[in-house]
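Everything below concerns the one structure shown next.
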Amino acid sequence: MCGIVGYIGEQDSTPIILKGLKRLEYRGYDSAGVAVLENSHIEIRRDAGKLSHLEALVHDTPLHGKIGIGHTRWATHGEPNARNAHPHIGSTGEFVVVHNGIVENYLALREELAAEGTEFHSDTDSETIVHLVEKFYAAGSNLAEAVRQTLRRLKGAHGIVVMSSREPDKIVAARMGNAGGVVIGLGEGENFVASDLPAILEHTRRVMFLESHQMAIVSKESVEVTDLDGNPVKLPVQTISWDPVAAEKGEYRHFMQKEIHEQVRSLTDTLAGRVDFDEGKVILHELNLDAEQAKKIKRIIITACGTAAHAGMVGKILIERIARIPVEVAIASEFRYADPLVDEDTVVLAISQSGETADTLAAMEEGRQKGARLWSIVNAIGSQAMRIADGCISMQTGPEIGVASTKAFTAPLIDLYLLAVYLGDLRGTLEAGERFRLVQDLMAVPALVGECLSREPQVKALARKFMNMEHMLYLGRGINNPIAYEGALKLKEISYIHAEGYPAGEMKHGPIALIDRDMPVVALAPDDPWYDKMISQIEQALARGGAVIAVATDGDNRIPDLTENILWVPKVPWLLSPVITIIPLQLFAYHIASLRGLDVDQPRNLAKSVTVE
Ligand code: AGP
C-alpha cells in the first residue's frame, strides 16, 4: 500500500511531509515524491528508490511552502521510477494529486481523456485522477466538487489527496472503499492528512478517520467533511494514545498478524480489474495471450520456493482440473540444475513474493534458455521476476513485511484460479456455464476469509493448548495436501517446533509409526472430495494415541465425535478451499510463536527474500 502525507498551516510543509513519509516506510515502497505550493506555484520533486534519494533531491533543489502533499508509492501499474512516482500534476500545472489504490477502469478513462486531447506523462492509473479533476474544474466546478465528480467516475478502492494553485487555501482528501485509510490530524492553526497514523502522531493525537465515500476539505483553520453528494457529515474526533512505532502495526502485535488480517483486502485487490462478475469472465491482460497462443500450450511447469511452491502445488490441481493442461511443479532449486525437458510449447510459471529469490530467478533463466514462454506471479513490482517474464500477474497485496508469508500465499492461490479459468476459456475447454459458475464462486471468498479471521479467539485457545509441543504432523489430501505442507512450514519457521506436512495417504507406508501421544496431528478435513479418506485418517491417528486437531467445515457432525480440537471454517467450493483452510493454520502458527515469546516477524536464520543460493 502507498503512503500519503499532507500538511496545511504556518510551518514549512516540506520537512513535515518528508518526516511523515519516513514514518510510513514500513509499508514498503519503491519511489517517493513531494509537491508544495510555493508563491502560488506548484513545485514537485520525485524519485525512484528509497526516501533518501528524494531527500537528497530536495536538499539539492529545495522547495518550501506552507501547504504540501507527499507520497511513497508501492507500484501496481507502471514501473517504479521518477516518471511514475506521485504526486502527479495535470496539464495546466495547477492541480496535483497523490493516490493510494487501483483505478480499475483506468484504461477506459485514459482513452476518453486522450481523445479529448489530454497528454499523459506516466504509465500509472493514478494520473487519470488529476486530469479528471482538471477537466471538471475547467467546466466550472470548484475544487471540492471537481474531486467529487472525479470520484464518481473511478472504479475500485481509493485514498486520494488533491491540491491546487487555483484554491491555495485548502487540500482535499477523499476515501472510496478500502485502499488503506485516510486520517485527518487536527492541529492548532494547522491540519494534517495521512494514509496512516504514524505519519502525523508527533504533531497531533486528535484525529478523524474518513469512511468510504467521504471527503474532507482541509484548511489551516477548519476541516469540513462531506459525503460524495456534498452533504455535511459529522465525524467523531478521536484521541490516539498509541506511540508512533506501535501505530505502524495498528492494533496488531506483529506485522505477520496484521498481514494475516489484511487478506480480506489483499484478496479483493488481487481480483481487482481481472474479473467481470456480470459476464462471468476473467481477463488477464498482463499475459498478452490470444486464443491461438493459448491452444498451443502443451504443458506448464510451475517453479518456486517455500510457500510460493506450495501455492504452485494448488495451482497444478486448479489448472489441470479447469483448463485441462498438464502441469508439473518443480522446486526451483532443483529445476535450475535438472536440465529439464522444455520447449517452446512449454510455459514456465514462476511464483515469488519478492521476485528476487535466487533459485527462482535461476529456474526462470533455465526455462528461458530452453525456449519456454516465461510467466510469473509476483508481489514486488519492478522486481526481476516481474521484469524478465513475458507476462506477469501482480499479486497486488501491498508489501509483506513479516518473513513468514501469509497474504502472499493466498493471493497467488486466487491468481492461479483466475489463470485456470482464463486459459480454459481461451482454449475452449471450459464451457460458458461452468466458467460463469467458477467466477461467481470467487465473489464470496474475501468475506469467507473475513469469517475465518473472526474466529481468531478460538484458534488462539487451541494454540495455547498445544504451544509446548515439540513435534507436529500436518496431514492433507488432494487440493488440501499442499495446505498440510504450508501449515507445517508456517509453524516450523516462526515457532521452531518440528512440524512436518505429509500426504495423508502416505501415512500407512511408514510415517504412522511416528504417531503417539507426543505427536499431535493436524488433519485437514474440510468438505471436499477427500473428506471420507480424511475421517479414516483421523481415526487411525486416534487409535495410536495421537491428539488430533481437525480443520472442519461448519456443520460437520462426524468430526466432533472424534476430537474436541476443531478449527472450524465456512463452507466453500472445494476448488477454493485452500484459501480458506490455510487461514486458521496461519493464525495457529502465529499464536503459538507469539505465546512462546518469539520474534515472529524476524525468525532466527531467516530472510524475507533469499537472494543468494
Ligand atoms: C515462507 O513463509 C518463507 N518466507 C519462504 O519459504 C518463502 O516463501 C520463499 O523463500 C520464497 O520466497 P519468494 O516468494 O519471495 O520467492
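Whatever order the structure lists ligands and atoms in, that order sets their numbers, starting from 1.
With respect to the salt-bridge test (charged N to carboxylate O, under 4.0 angstrom), the residues D390 and R368 qualify. Under 4.0 Å is where a charged nitrogen must lie from a carboxylate oxygen, and between D528 and R477 no such pair does. Salt bridge annotation for E286-R274: present, with a cationic side-chain nitrogen under 4.0 angstrom from a carboxylate oxygen.
Ring geometry for H71 against H86 counts as parallel: the plane angle stays under 30°, on a 0 to 90° scale with 60° as the upper cut.
Residue-ligand proximity: K490 is placed with a non-hydrogen atom under 4.0 Å from ligand 1.
With hydrogens and angles ignored, the 3.5 Å screen pairs no side-chain donor or acceptor of E259 with any backbone N or O of T406.
An N or O contact shorter than 3.5 Å links S354 to ligand 1 by distance.
Against a heavy-atom cut-off of under 4.0 Å, V403 is close to the following atoms of ligand 1: 2 (O), 4 (N). Below 4.0 Å from some heavy atom of S405 lie the following atoms of ligand 1, by number and element: 1 (C), 2 (O). Residue contact check: G306 has heavy atoms under 4.0 Å from atoms 6 (O) of ligand 1. The contact set between ligand 1 and T307, taken as ligand atoms under 4.0 Å from a residue heavy atom, comprises 1 (C), 2 (O), 6 (O), 8 (O). Those atoms of ligand 1 with a heavy atom of A404 less than 4.0 angstrom away are 2 (O).
The protein non-hydrogen atom at the shortest distance from atom 14 (O) of ligand 1 is Q353 N, 2.7 Å. Here the protein heavy atom with the shortest distance to atom 3 (C) of ligand 1 is E493 OE1, 3.4 Å. The single protein non-hydrogen atom nearest to atom 12 (O) of ligand 1 is T357 OG1, 3.5 Å, given as residue, atom name and distance. Remark: minimum distance from atom 9 (C) of ligand 1 to any protein heavy atom is reached at C305 O, 3.9 Å. If you check which protein heavy atom lies closest to atom 10 (O) of ligand 1, you get V610 CG2, 4.0 Å.
Between V522 and F466 there is no side-chain heavy-atom pair separated by less than 4.5 Å. Between S266 and Q263 there is a side-chain heavy-atom pair separated by less than 4.5 Å.
Among R596, E456, R464, Q586, the single residue meeting the side-chain hydrogen bond (donor to acceptor under 3.5 Å, both in side chains) criterion with H591 is E456.
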